[in-house]
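Here is the structure we will look at, set down as structure tokens.
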Amino acid sequence: HKSILYGIDLVPHTTVVVCEGMMDAWRLGPGAVSTFGIDYTVAQIRLLNEYEKVFIMFDGGEEQAQRQADNLGNELNVLGTDVEVIDLETSDPGDLPQDEADSIMKELLGG
């Protein structure tokens, strides 16, 4: 499972939002994918490198998760991918109220 991104088949844009878990991707909806945890693989980096813009939204308030989000962002940036790491500070994307998650995705995906 670490050679894929959960939800990649539902990404309708050239922009993708990357989160840690499947429940995070469920909450954010189409356009969000999951790496199945904060650890990611070269195969997942290759898949993400296909997108024009990548937003990384790992669990906020978790130092290790934010460090991994920054590491993933740096690896993608070196490959020429436009990356932005979003720190929700104290929130897990899966715990966001649905209206807030919808608003964030609309803003990020431009829809």
Side-chain angles (χ1 to χ4, degrees):
H1 70 284
K2 293 295 278 187
S3 64
I4 65 167
L5 294 166
Y6 178 85
I8 196 167
D9 55 324
L10 299 176
V11 178
H13 306 284
T14 58
T15 301
V16 66
V17 179
V18 183
C19 46
E20 294 176 42
M22 293 185 318
M23 289 186 275
D24 299 332
W26 293 343
R27 174 66 65 190
L28 295 173
V33 298
S34 164
T35 57
F36 301 100
I38 62 173
D39 294 322
Y40 52 87
T41 64
V42 171
Q44 291 171 324
I45 290 171
R46 286 187 187 124
L47 290 170
L48 290 170
N49 191 45
E50 299 294 317
Y51 291 91
E52 291 178 16
K53 176 76 177 185
V54 176
F55 291 99
I56 303 170
M57 191 185 304
F58 284 4
D59 293 358
E62 294 182 19
E63 185 178 329
Q64 187 176 5
Q66 290 307 304
R67 193 172 29 248
Q68 281 295 91
D70 289 337
N71 291 341
L72 177 57
N74 289 334
E75 290 194 51
L76 286 165
N77 193 273
V78 166
L79 297 172
T81 305
D82 185 10
V83 179
E84 185 175 335
V85 176
I86 298 172
D87 184 354
L88 295 176
E89 295 182 12
T90 59
S91 186
D92 178 325
D95 293 337
L96 292 170
Q98 191 61 57
D99 61 334
E100 188 175 340
D102 293 345
S103 177
I104 288 171
M105 289 300 284
K106 185 176 182 178
E107 181 180 334
L108 296 178
L109 301 179

What residues join Val42 in its hydrophobic cluster, counting side-chain heavy atom gaps under 4.5 Å, either direct or through other members?
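None; Val42 is a cluster of one.
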With a cutoff of under 4.5 Å between side-chain heavy atoms, which Ile, Leu, Val, Met, Phe, Trp and Tyr residues group with Val83?
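Result for Val83 is Leu5, Ile8, Val11, Val16, Val18, Val33, Ile38, Tyr40, Ile45, Leu47, Leu48, Tyr51, Val54, Ile56, Phe58, Leu72, Leu76, Leu79, Val85.
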List the residues meeting side chain to side chain donor-acceptor pair (under 3.5 Å) with [X], not counting sequence neighbours, and say none if there are none.
| X | result |
| --- | --- |
| Thr15 | none |
| Asn74 | none |
| Asn71 | Gln68 |
| Asn77 | none |

With [X], which residues qualify under salt bridge (charged side-chain N to carboxylate O under 4.0 Å, His left out), at least two apart?
| X | value |
| --- | --- |
| Arg67 | Glu63 |
| Glu52 | none |
| Asp82 | Lys53 |

Any side chain to side chain donor-acceptor pair (under 3.5 Å) involving residues 16-33? Give me the pairs, sequence neighbours left out, ordered by first then second residue.
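The answer is Tyr6-Trp26, Arg27-Gln98.
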What's the shortest heavy-atom distance between Gly29 and Met105, and which atoms?
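Nearest pair, atom of Gly29 first, then Met105: O-CE, 4.2 Å.
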Taking only residues two or more places apart in sequence or in another chain, which ones pass side-chain contact (heavy atoms from CB on, under 4.5 Å) with Glu50?
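side-chain contact (heavy atoms from CB on, under 4.5 Å) check on Glu50 returns nothing, list empty.
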side-chain contact (heavy atoms from CB on, under 4.5 Å) with Thr41: which residues, sequence neighbours excluded?
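Per chain and number, Thr41 pairs via side-chain contact (heavy atoms from CB on, under 4.5 Å) with Lys2, Ala43, Gln44.
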